[in-house]
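Note that the structure is a prediction, hence the values are computed from the model and not measured.
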Amino acid sequence: MTTVTDVTIVGAGPFGLSLAAHLRAHDMNFRIIGNPMQSWRTLMPKGMLLKSAGFASTLYDPGRTFTLRRFCEEQGVPYHDFDLPIPLETFTSYGEAFQKRFAPDLEDENLVALKPCPEGFELSMESGRSFKTRKVVLAVGIDYFRNIPESLASLPK
């Protein structure tokens, strides 16, 4: 008998990781796939400072136990809620630490196909593996929307 996952999160950036933390806290049957903080690590300019203030750059776990402030304190990194820009490297390290705490079962794989099936959806991975899930949350960030499929091109911006 094939086990069907209740929820699959596609994307392991700030939103996907935060959602995973909440699903885990509610003992939900879920999977999260993607490369942790990939866009932040690979697409942003080295040395960049975040535009958002420290308090607004925290990933969201249900108990608010692992804030950016707490991460910086643990790492001995300067932090302030408003008056100190957050370096990209600090934010990506924080995201990776958040992933290890709240999404330790993350599957570092790429999704190549998603199609409807009687159970919900079938996801096919780059490795050749596939599995079924009832619901899918796409938390892929903005990088994956560079090309708009022809069927969606006529929609208003």
Side-chain angles (χ1 to χ4, degrees), residues 5-75 77-82 84-115 120-127 129-149 152 157:
T5 303
D6 288 330
V7 179
T8 297
I9 304 164
V10 179
F15 296 114
L17 295 173
S18 294
L19 179 57
H22 283 268
L23 293 178
R24 180 172 302 287
H26 287 91
D27 293 323
M28 295 286 299
N29 173 18
F30 78 96
R31 295 171 86 156
I32 179 170
I33 59 174
N35 188 290
M37 302 296 286
Q38 177 182 10
S39 293
W40 291 93
R41 284 185 294 102
T42 62
L43 300 176
M44 303 298 172
K46 300 295 178 216
M48 180 182 93
L49 300 174
L50 273 61
K51 288 172 61 175
S52 56
F55 82 93
S57 301
T58 288
L59 279 65
Y60 188 58
D61 69 271
R64 303 292 285 165
T65 60
F66 193 53
T67 62
L68 179 58
R69 173 190 289 274
R70 180 167 176 196
F71 172 79
C72 288
E73 288 170 354
E74 289 177 1
Q75 299 299 310
V77 173
Y79 172 89
H80 193 275
D81 280 341
F82 296 101
L84 186 64
I86 305 299
L88 171 66
E89 292 75 15
T90 299
F91 185 67
T92 55
S93 294
Y94 165 60
E96 291 167 346
F98 190 97
Q99 179 266 310
K100 288 180 175 94
R101 286 186 190 210
F102 296 103
D105 299 329
L106 179 136
E107 299 169 52
D108 191 347
E109 280 204 76
N110 291 321
L111 174 70
V112 294
L114 171 70
K115 64 182 181 180
F121 299 92
E122 182 175 356
L123 286 78
S124 299
M125 309 307 294
E126 195 171 59
S127 66
R129 293 184 320 118
S130 66
F131 62 92
K132 295 179 180 176
T133 187
R134 289 186 180 86
K135 295 179 177 110
V136 176
V137 176
L138 295 176
V140 295
I142 61 171
D143 183 51
Y144 296 93
F145 297 105
R146 288 177 284 185
N147 300 312
I148 299 174
L152 301 177
K157 290 184 182 202

Flag the pair L111 / M125 as yes when at least one side-chain heavy-atom distance between them is below 4.5 Å, and no otherwise.
-> yes

With sequence neighbours left out, write down each residue that passes ring-ring contact (aromatic ring centres under 6.0 Å, His included) with H80, or none if nothing qualifies.
-> none

Value rounded to 0.5 Å, distance of CZ in F91 from CD1 in I86 = 9.5 Å

Is any side-chain heavy atom of I9 less than 4.5 Å from a side-chain heavy atom of L23?
-> yes

How close do P36 and D108 get, heavy atom to heavy atom, and via which atoms?
-> CD-OD2, 4.0 Å

Min side-chain heavy-atom separation L123-I33 under 4.5 Å | yes

Between side-chain atoms of residues 42-56 and protein atoms elsewhere (two or more places apart, or another chain), which donor-acceptor pairs fall under 3.5 Å?
| unit_1 | atom_1 | unit_2 | atom_2 | d |
| --- | --- | --- | --- | --- |
| T42 | OG1 | Q38 | O | 2.7 |
| K46 | NZ | R41 | O | 2.9 |
| S52 | OG | S57 | OG | 2.6 |

Mind checking ring-ring contact (aromatic ring centres under 6.0 Å, His included) for F71 and listing every partner two or more places apart, or none if nothing turns up?
-> Y94

Which heavy atom in P85 sits nearest to a heavy atom in P87, and how many Å separate them?
-> O-CD, 3.4 Å

Point-to-point distance, once rounded to the nearest 0.5 Å, from CG of N29 to OG1 of T5 = 5.0 Å

Give, for atom CG of L19 and atom CG of L59, the distance between the pair rounded to the nearest 0.5 Å.
-> 11.5 Å

Would you check if the side chain of T92 reaches a backbone N or O of E89 as a donor-acceptor pair within less than 3.5 Å?
-> yes

Can you find a pair of side-chain heavy atoms, one from T90 and one from Q75, that are under 4.5 Å apart?
-> no

Hey, could you give me the OG1/CG distance between T67 and D61, rounded to the nearest 0.5 Å?
-> 8.5 Å

Would you name the heavy atoms of R24 and A103 that are closest together and state the gap between them?
-> NH2-CA, 4.2 Å

With sequence neighbours excluded, what pairs up with R101 under the side chain to side chain contact (heavy atoms under 4.5 Å, CB included) test?
-> F66, R70, E74

Heavy-atom side-chain proximity of M37 to Q99 below 4.5 angstrom = no

Would you give the length of the straight line joining atom CD1 of I32 to atom CD of E109, rounded to the nearest 0.5 angstrom?
-> 13.5 Å

Are side-chain heavy atoms of L88 and W40 found at a separation under 4.5 Å?
-> yes

Can you check whether K115 reaches S130 side chain to side chain, under 4.5 Å on heavy atoms?
-> no

If you look only at pairs with a residue in residues 6-20, which of them pass as a side-chain hydrogen bond (donor to acceptor under 3.5 Å, both in side chains), with sequence neighbours excluded?
-> D6-R134, T8-T133

Residue pairs passing the ring pair (Phe, Tyr, Trp, His ring centres under 6.0 Å) test with at least one member in residues 6-35, sequence neighbours excluded, are H22-Y60

